[in-house]
Peer 1: 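For reference, the structure I am asking about is given below.
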Amino acid sequence: MTSRGPYRRHSMPFKLQLCQDIRSGVIGRRDAQRSHNLSANLIQLWLTQFDRGELNDEEAEASVIVEYEARIAALERKVGQLTMELDLAKKTPRMPAANGSERSFVISGPGAAPSDGDAKP
């Protein structure tokens, strides 16, 4: 028996469409197995869930809503972080310029290294 590799997740609309196609006779189980590289047990599980009404559009919509809510929460966290950074930048005092029209820059760090021409014997 060959290994199919890592686990795969299939979307609810895919499962629903495949089950509808099998039940309506558009495609057979073996053809579905071959064309989508699925196991017979997995197809049987999906068909059982389909027959019980466990695979429906409401579940698909619910999973999409959960994904959207997670994305919204992540974006809200990012907005909060950026708001805090902006507030901090606004509260940080700035050095006044020498005169009102010039920009001033503060440069700090180690002193400049002497060049070969500046060396005294």
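FYI, side chains are in, hydrogens and waters are out, and symmetry mates aren't considered; it's all heavy atoms of this structure. Because the structure is a prediction, the values reported are computed rather than measured.
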Peer 1: On a heavy-atom basis, which atom in I43 and which in A32 lie closest, and how many Å separate them?
Peer 2: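 For I43 and A32, the tightest heavy-atom pair comes out as CD1-CB, 4.0 Å.
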Peer 1: Starting from I27, can I reach L45 by hopping between I/L/V/M/F/W/Y residues whose side chains sit under 4.5 Å apart?
Peer 2: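 Yes; I27 is reachable from L45 via cluster members.
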Peer 1: Please tabulate, one pair per line, all N/O donor-acceptor pairs under 3.5 Å involving side-chain atoms of residues 70-92, not counting sequence neighbours.
Peer 2:
from : atom 1 : to  : atom 2 : distance (Å)
Q81  : NE2    : E85 : OE2    : 3.2
T83  : OG1    : V79 : O      : 2.7
T92  : OG1    : L88 : O      : 2.8

Peer 1: What's the spacing between Q20 CD and L47 CG if we round to 0.5 Å?
Peer 2: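 Q20 CD to L47 CG: 11.5 Å, rounded to 0.5 Å.
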Peer 1: Which distance, rounded to the nearest 0.5 Å, do you find between the NZ of K15 and the CG of L38?
Peer 2: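 One finds 10.5 Å between NZ of K15 and CG of L38.
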Peer 1: Could you grab the distance from atom NE2 of H10 to atom CG of L16, nearest 0.5 Å is fine?
Peer 2: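 The NE2 atom of H10 sits 14.5 Å away from the CG atom of L16.
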Peer 1: Nearest 0.5 Å, what's the CE-CD distance between M12 and Q49?
Peer 2: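 Those atoms lie 7.5 Å apart.
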Peer 1: Between atom NE2 of H36 and atom CG of D31, what is the distance when rounded to the nearest 0.5 Å?
Peer 2: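 Atom-to-atom, H36:NE2 and D31:CG are 9.5 Å apart.
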Peer 1: Mind checking salt bridge (charged side-chain N to carboxylate O under 4.0 Å, His left out) for R29 and listing every partner two or more places apart, or none if nothing turns up?
Peer 2: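 R29: no salt bridge (charged side-chain N to carboxylate O under 4.0 Å, His left out) contacts found.
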